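Below is one structure, written out as structure tokens; comments come after it.
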Number of protein chains: 2
Amino acid sequence: MGKTMSTPEALIELLRQSGRKMTPQRRAIIELLVHDTTHPTAEEIYQRAAAMMPDMSRATVYNTLHELVALGGLVETHEFSESGIRYDTNLDPHHHLFCIHCHALVDISHDFAEITLPPREAAGYQIIRHQITFYGLCPTCQERNKEQASPSNT
Amino acid sequence: MGKTMSTPEALIELLRQSGRKMTPQRRAIIELLVHDTTHPTAEEIYQRAAAMMPDMSRATVYNTLHELVALGGLVETHEFSESGIRYDTNLDPHHHLFCIHCHALVDISHDFAEITLPPREAAGYQIIRHQITFYGLCPTCQERNKEQASPSNT
DNA sequence: TTTTATTTTATAATTATTATAAATTAGTAA
DNA sequence: TTACTAATTTATAATAATTATAAAATAAAA
Ligand SMILES: [Mn+2]
Ligand SMILES: [Mn+2]
Ligand SMILES: [Zn+2]
Ligand SMILES: [Zn+2]
């Protein structure tokens with residue numbers, strides 16, 4: 001299953017092959033990305049990168065993320081952008097589990113049998129792929145809900 | 001099928017029952033919302049409302065949208081927010097068709113009932129609902145792609 | 001080592017959204 | 001119908017995420 005998960009080597013190679021220079025900043029961002037499965041935002045990546053390289057600038061983080069996306073080594077997830085676009089190094093088609101309380105986002109690699117849209121429902125669209133999102137409560141938030149019988153958000 | 005699609009009367013009633021005043025601005029925004037199936041953004045609603053009521057302010061549009069969402073008469077879609085949250089008066093659980101080229105967003109009312117996540121894949125999440133998004137090209141964008149491929153006219 | 005195009009950084013600009021506070025008004029009661 | 005008052009609208013400022021710009025720094029080639 002998880003075949004196309006990006007490695008640092010693969011991403012560095014992508015940059016090299018497109019004629020780009022390797023820099024310590026890009027290397028650091030790539031390392032952070034591939035070791036983070038939480039679908040972090042640009043700001044989160046910046047914060048972690050800046051902790052190691054204090055001179056790191058946000059522009060470099062944004063630039064590097066955009067380059068990697070353009071080169072196909074990284075995927076943007078616009079689906080849960082309450083606080084910015086989230087990035088994903090899992091390049092396989094996959095689905096997601098989203099905690100409606102704490103916004104944790106987890107990959108699902110399970111392959112669902114034949115979800116096909118009846119042509120009459122397709123409104124003339126040429127369908128390329130589909131993605132399922134499961135909304136629910138993560139284990140941590142279930143616990144918190146039990147402890148305090150207080151309602152929360154969407 | 002679309003039995004929970006909001007009507008102007010239903011939305012006005014929601015506001016009334018929550019002790020709010022009816023204003024021409026709110027009425028105009030509600031009318032626009034229920035007659036627009038494109039999942040418009042706040043800015044798009046503002047532009048259309050301002051065309052009819054030149055004194056309309058963005059704050060009123062944002063306030064009204066948030067009120068209706070809080071009262072359950074309107075749904076926010078964070079999924080395709082390349083240019084802001086999009087709003088949906090279709091309150092039934094439903095799926096979407098998204099054009100990756102022009103970002104048109106269309107409802108799918110078809111019921112794919114038999115999609116269940118195996119417990120071992122659920123990572124301990126308590127699942128509340130799921131939503132499928134089909135990504136593809138709308139009829140218009142398919143045409144444009146064909147024209148580009150075979151250069152003939154216009 | 002020198003050169004140079006690329007990259008990084010600091011900074012400003014832009015866009016979507018939220019906050020604030022003064023002016024207006026819907027709904028109510030005299 | 002008029003006056004009252006709390007809710008609403010508006011203009012404006014503030015904030016947050018992102019993009020643009022241009023000078024300083026540097027990776028890679030010569
Ligand atoms: Mn993912
Ligand atoms: Mn919809
Ligand atoms: Zn959670
Ligand atoms: Zn299209």
Side-chain angles (χ1 to χ4, degrees), chain A residues 11-32 39-71 74 76-87 103 153-154, chain B residues 11-32 39-71 74 76-87 103:
Chain A
L11 294 178
I12 288 169
E13 193 53 27
L14 269 181
L15 289 174
R16 280 249 162 73
Q17 290 194 333
S18 70
R20 261 155 253 243
K21 296 176 178 174
M22 272 318 299
T23 67
Q25 290 89 339
R26 283 176 173 163
R27 228 180 285 272
I29 291 166
I30 285 171
E31 282 299 328
L32 288 171
H39 305 77
T41 63
E43 178 65 20
E44 287 166 344
I45 294 161
Y46 165 71
Q47 291 299 339
R48 291 167 207 174
M52 308 189 72
M53 298 182 64
D55 288 344
M56 176 76 70
S57 92
R58 281 184 178 79
T60 297
V61 172
Y62 279 102
N63 288 342
T64 302
L65 294 175
H66 290 167
E67 286 162 2
L68 291 173
V69 168
L71 294 170
L74 188 64
E76 289 189 339
T77 297
H78 289 260
E79 291 175 56
F80 315 95
S81 28
E82 325 233 335
S83 56
I85 294 165
R86 299 172 74 154
Y87 290 87
H103 300 174
N153 66 343
T154 316
Chain B
L11 296 178
I12 288 171
E13 194 50 29
L14 270 182
L15 289 173
R16 279 246 163 75
Q17 289 194 334
S18 72
R20 263 155 252 243
K21 297 176 178 176
M22 273 317 300
T23 67
Q25 290 89 340
R26 283 177 174 163
R27 226 180 286 272
I29 291 166
I30 285 172
E31 283 298 329
L32 287 170
H39 304 78
T41 63
E43 178 65 20
E44 288 166 344
I45 293 161
Y46 165 71
Q47 291 299 339
R48 290 167 207 174
M52 308 188 73
M53 297 182 64
D55 287 344
M56 175 76 70
S57 93
R58 281 186 180 78
T60 298
V61 172
Y62 278 102
N63 287 342
T64 302
L65 294 175
H66 291 168
E67 285 163 2
L68 291 173
V69 168
L71 294 170
L74 188 64
E76 289 189 339
T77 298
H78 290 260
E79 292 175 55
F80 314 97
S81 29
E82 326 231 334
S83 55
I85 295 166
R86 300 172 72 154
Y87 290 88
H103 300 176

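Just so it is clear: chains get the letters A, B, ... in the order the sequence lines come, proteins before strands, and each one is counted from 1. Computed from a predicted model, the values in this text were never measured in an experiment. Keep in mind that the numbers below use all heavy atoms, side chains included, and drop hydrogens, waters and symmetry copies.
- In this structure, A:Met56 places its CE atom 15 Å from P of C:dT7, rounding to the nearest Å.
- Checking the phosphate oxygens (OP1, OP2) of C:dT18, no side-chain nitrogen or oxygen of B:Tyr62 falls inside 4.0 Å.
- Every residue two or more places apart in sequence or in another chain that forms a salt bridge (charged side-chain N to carboxylate O under 4.0 Å, His left out) with A:Arg20 is listed here: A:Glu67.
- Put simply, B:Arg58 has no side-chain N or O that comes within less than 4.0 Å of OP1 or OP2 on C:dA16.
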Can you pull every protein N or O that's under 3.5 Å from an N or O on nucleotides 28-30 of chain D?
unit_1	atom_1	unit_2	atom_2	d
D:dA28	OP1	A:Met22	N	2.9

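- Side-chain N/O atoms of B:His66 include one lying less than 4.0 angstrom from OP1 or OP2 on C:dT18.
- Separating the CZ atom of A:Arg26 from the P atom of D:dT26 is a distance of 15 Å, rounded to the nearest angstrom.
- Set against C:dA10, D:dT10, C:dT8, the side chain of A:Asn63 has C:dT8 as its closest nucleotide.
- In this entry the distance linking CG of A:Leu65 with P of C:dT8 reads 12 Å, nearest Å.
- Of the inter-residue distances, the one linking A:Leu32 atom CG with A:Gln47 atom CD reads 11.5 Å to the nearest 0.5 angstrom.
- At C:dT25, none of the side-chain N or O atoms of B:Gln25 fall inside 4.0 Å of OP1 or OP2 (strictly under the cut-off).
- Dense packing is recorded around CE of B:Met22, with more than 12 heavy atoms of other residues, nucleotides or ligands lying under 6.0 Å away.
- Rounding to the nearest 0.5 Å gives a distance of 12.0 Å between CZ of B:Arg27 and CD1 of B:Ile29.
- From A:Thr60, atom OG1 reaches atom CE of A:Met53 across 8.5 Å, with rounding to the nearest 0.5 Å.
- Rounded to an integer number of Å, the gap from CG of B:Asp55 to P of C:dA23 is 16 Å.
- Within the model, atoms OG1 of B:Thr64 and CD1 of B:Ile45 stand 10.0 Å from one another, a figure rounded to the nearest 0.5 Å.
- Between the CD atom of B:Glu67 and the C1' atom of D:dT9 there is a distance of 11 Å, given to the nearest Å.
- The side chain of A:Thr60 places an N or O atom within less than 4.0 Å of a non-bridging phosphate oxygen (OP1 or OP2) of C:dT9.
- Between B:Ala42 and B:Tyr62, the shortest heavy-atom contact is CB-CE2, 3.6 Å.
- Distance, A:Tyr46 OH to C:dT8 C1': 13 Å, rounded to whole Å.
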